[in-house]
Amino acid sequence: MSKTLICSCEDVTAEDIRHAVSRGYSDVESVKRFTGFGTGICQGKGCLSAVAALLCKEKAQKPASLLPFTPRPPLYPTELSVLGSMKVDESQPPVGGVPEELAVFPPTLRPEGPLPAKAKVVIIGGGIMGLALAYNLSLRGETDVVVLERGYLCAGASGRNGGGVRMQWGTSANIELAKRSIELMGRFARDMGINVWLRQGGYLFMARTKAVAERLERNVALHNKHGVPTRLLTVDEAREIVPGLSLAGAQAASYNPEDGVIFPWPFLWGYANGCRKAGIKVETFTNVTGFETSDGLVRKVKTDRGDIACDTVVLASGAWSPEIAQLVGVKLPNEPHRHEILSTEPLKPFLSPLVSVLDSGLYFSQSMRGEIVGGMGDAKEPAGLNMGSTLRFVSRFSQALLEQMPNLGHVKVLRQWAGCYDVTPDNNPVLGRTPGLENLLQMSGFVGHGFMMAPAVAERMAGWMTTGESDELFTRFNLRRFQEGKLEREDMIIG
């Protein structure tokens, strides 16, 4: 059988593209994620036009709908040492970013068929939270559910993160949720029929100041109380786990071997496939434009494809949740904050755990393909729905990474991108009923860790919704806590 190569960098064939189309992935961005085309050394320069032509030939998309995928800087592969040599003014906030992301997806990508006129449950947001909830509802017999997504699957934060999953948290609630989530991830391939490449190589945290070191020590004791085998390490012990790690400035380190990394895209697709098999409608490229309310209830969700009458609405739109909530007069305390990330050319496997400097927010791991994938927080990043990439980030990250792993200076960065954390004042989610609109349920505010908490949170929320039984998760993290001052701050946020 002949093998017609479309993307020589990633060994993607014409048959791979056809297979993606057969699975329902027909827009260029989705096909890119499903097959990996365009993510190699040339970043799509040699294969994008061939894929577009094939999609036209297969009648997967009309020519007007075949928009090129978003290009990612740098334009050419660039060594970390070169990027790290750029000067950064840490006193000034980052501005702009390239390329600009689409705020609204083109109407040409909008499905032609009508939406259902009514559904028992409408979930706004087709990221990991919304899809995991819909799937868990189906396990409990509730399939009259519609999931609305403004773009393609994996367009938001669920498809833009580094894939880290950990039990090392600063509160009991998050530790228990993470434990359950990782347990479910371990069964995901068997249960859902799709491999998410869970690799439990651990998380190694470093602390560079006395205050952060004391926090690590305090949290290790909390982890152990919950049965998580985190332990404090000496500098020499940490170097044994990650050869070549300098631990520059480190005062303490902690390590849990049961933490790990998964591949984000199939994680999302697995839940989406499960929903569709159960008869749940997952409607992509559909914008919510408003709501119809009466007597303290949401009666209809309005979209650019028509209205849906409903009994319950769940707001699970991540960093876009405040915008959606504002359409019905609800003010959420969440703020979107850009967090940037990059990946390098592939290397031979050498790095088992995800490594993080808790003080700065630096983190990096090695993917199954061998790439170094990592990001770093920026205290000066202003609030806003910005997903452009900056030279400032890649310079700061390169400097911080090479301080810890100086032997990586020759490694080339292939691409960088950004996503938005959905930040709340106490770094904990907004869950449960909305005061004044009892059938509008909140499921947002996860501050970058919703991806790893989704399996457990969705499982509990589906149970709470279908049985009516009380669950303290949905009172503890209710929207009312911000007015009542009942805040419990999570202090192990990275990135």
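Remember, it's a predicted structure, so these values are computed and weren't measured experimentally. Residue numbers run from 1 in the order of the sequence given.
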**Item:** Minimal non-hydrogen separation, A316 against M129, with atom names
**Value:** CB-CB, 4.3 Å
**Prompt:** Is it true that a side-chain atom of T344 and a backbone atom of V413 form a donor plus acceptor pair closer than 3.5 Å?
**Reply:** no
**Item:** Electrostatic pair R160-E340, nearest N-O below 4.0 angstrom
**Value:** no
**Message:** Aromatic contact between F267 and F451, with the criterion being ring centroids under 6.0 Å apart: yes or no?
**Reply:** yes
**Asked** Which atom names give the shortest non-hydrogen contact between V88 and S395, and what distance separates them?
**Response** CG2-CB, 3.7 Å
**No-hydrogen, no-angle side-chain donor-acceptor test under 3.5 Å, R33 and Y152** = yes
**Request:** Would you please say whether a donor-acceptor pair under 3.5 Å links the side chains of Q442 and T434?
**Result:** yes
**Request:** Mind running side-chain contact (heavy atoms from CB on, under 4.5 Å) on D491 and N219 for me, showing each step along the way?
**Result:** CA-CA 10 Å; D491 62 10; N219 287 341; 3.4 Å; yes
**K486, NZ atom: more than 12 neighbouring heavy atoms under 6.0 Å** = no
**Prompt:** Would you say F350 has more than 12 foreign heavy atoms packed within less than 6.0 Å of its CZ?
**Reply:** yes
**Message:** Would you say that more than 12 heavy atoms from the other residues, nucleotides or ligands in this model lie under 6.0 Å from the CZ of R23, or not?
**Reply:** no
**Request:** Step through the shown structure and confirm whether more than 12 heavy atoms of other residues, nucleotides or ligands are within 6.0 Å of CD on E217.
**Result:** no
**Message:** Between Y255 and Y203, is the ring centroid distance below 6.0 Å?
**Reply:** no
**Verdict with supporting geometry, T475 and N478, side chain to side chain donor-acceptor pair (under 3.5 Å)** = CA-CA 5 Å; T475 52; N478 192 278; over 6 Å; no
**Request:** Could you tell me if the ring centre of H449 sits under 6.0 Å from that of W169?
**Result:** yes
**Item:** Nearest heavy-atom neighbours spanning S158 and L268
**Value:** CB-CD1, 3.9 Å
**Message:** If I take atom CG from residue L414 and atom CD from residue E345, how far apart are they, to the nearest 0.5 angstrom?
**Reply:** 6.0 Å
**Request:** Could you tell me whether D426 and R489 make a salt bridge, using a distance below 4.0 angstrom between a side-chain N and a carboxylate O?
**Result:** no
**Request:** Give the minimum heavy-atom separation between L131 and C275, together with the two atoms involved.
**Result:** O-SG, 3.5 Å
**Request:** For residues F482 and F477, establish whether the separation of their ring centroids is below 6.0 Å.
**Result:** no
**Item:** Rounded distance [0.5 Å steps], CG in L133 versus CD1 in I128
**Value:** 11.5 Å
**Candidate pair V28 and L48, rule side-chain contact (heavy atoms from CB on, under 4.5 Å), full reasoning** = CA-CA 9 Å; V28 170; L48 175 58; 3.8 Å; yes
**Complete:** Nearest heavy-atom contact between R415 and E371 is NH2-OE2, 3.5 Å
**Request:** Report yes or no: do S91 and D89 form a side-chain donor-acceptor pair below 3.5 Å?
**Result:** yes
**Prompt:** How far does CG of N195 sit from CZ of F263, to the nearest 0.5 angstrom?
**Reply:** 10.5 Å
**Asked** Can D27 and S30 be counted as having a side-chain donor-acceptor contact under 3.5 angstrom?
**Response** yes
**Request:** Using the side-chain contact (heavy atoms from CB on, under 4.5 Å) rule, take M492 and I175 through it: C-alpha gap first, then chi angles, then the decisive distance, then the call.
**Result:** CA-CA 11 Å; M492 287 196 72; I175 292 168; over 6 Å; no
**Asked** Can you find a side-chain donor-acceptor pair between S172 and H226 that sits under 3.5 Å?
**Response** yes
**Request:** Start with the C-alpha distance between M387 and C420, add both sets of side-chain angles, then the distance that settles side-chain contact (heavy atoms from CB on, under 4.5 Å), and finish with yes or no.
**Result:** CA-CA 7 Å; M387 293 195 293; C420 287; 3.9 Å; yes
**Request:** Quick one: pull up CG in N428 and CD1 in I493 and give me the separation to the nearest 0.5 Å.
**Result:** 7.5 Å
**Asked** Near E469 CD, under 6.0 Å, is it more than 12 heavy atoms from other residues, nucleotides or ligands?
**Response** no
**Prompt:** Is a side-chain donor or acceptor of D11 paired with a backbone partner of C7 at a separation under 3.5 angstrom?
**Reply:** no
**Asked** Regarding E403 and S246, is there a side-chain donor-to-acceptor distance under 3.5 Å anywhere?
**Response** no
**Short N-O contact, E237 and R231, less than 4.0 angstrom** = no
**Request:** Working to the nearest 0.5 Å, report the span between CD of E472 and CZ of R460.
**Result:** 5.5 Å
**Asked** Does a side-chain N-to-carboxylate-O contact under 4.0 Å join R480 and E484?
**Response** no
**Prompt:** Could you give the distance from CG (N174) to CE (M452), rounded to the nearest 0.5 Å?
**Reply:** 10.0 Å
**Prompt:** Of S444, S321, S317, which meets side-chain hydrogen bond (donor to acceptor under 3.5 Å, both in side chains) against N334?
**Reply:** S444
**Message:** Could you check, using the six-membered ring where one of them is a Trp, whether H337 and Y421 have ring centers closer than 6.0 angstrom?
**Reply:** no
**Request:** Decide whether E459 and N136 meet the rule of one side-chain donor and one side-chain acceptor closer than 3.5 Å.
**Result:** no
**Message:** Assess whether a salt bridge exists between R392 and D378, defined as any Lys/Arg side-chain N lying under 4.0 Å from an Asp/Glu carboxylate O.
**Reply:** yes
**Fill in**
What one should report as the nearest heavy-atom pair of L315 and L332 is CD2-CD1, 4.2 Å
**Prompt:** Just checking, is any N or O donor in the side chain of Q251 or T209 under 3.5 Å from an acceptor N or O on the other one?
**Reply:** no
**Aromatic plane relationship, Y25 with W269 - under 30° parallel, 30 to 60° tilted, over 60° perpendicular** = tilted
**Prompt:** If you draw the axis of the six-membered ring of W197, does the NZ or CZ of R199 fall within 45° of it and under 6.0 Å from the ring centre?
**Reply:** no
**Prompt:** If we ignore angles and hydrogens, is there a donor and acceptor under 3.5 Å between the side chains of T171 and E488?
**Reply:** no
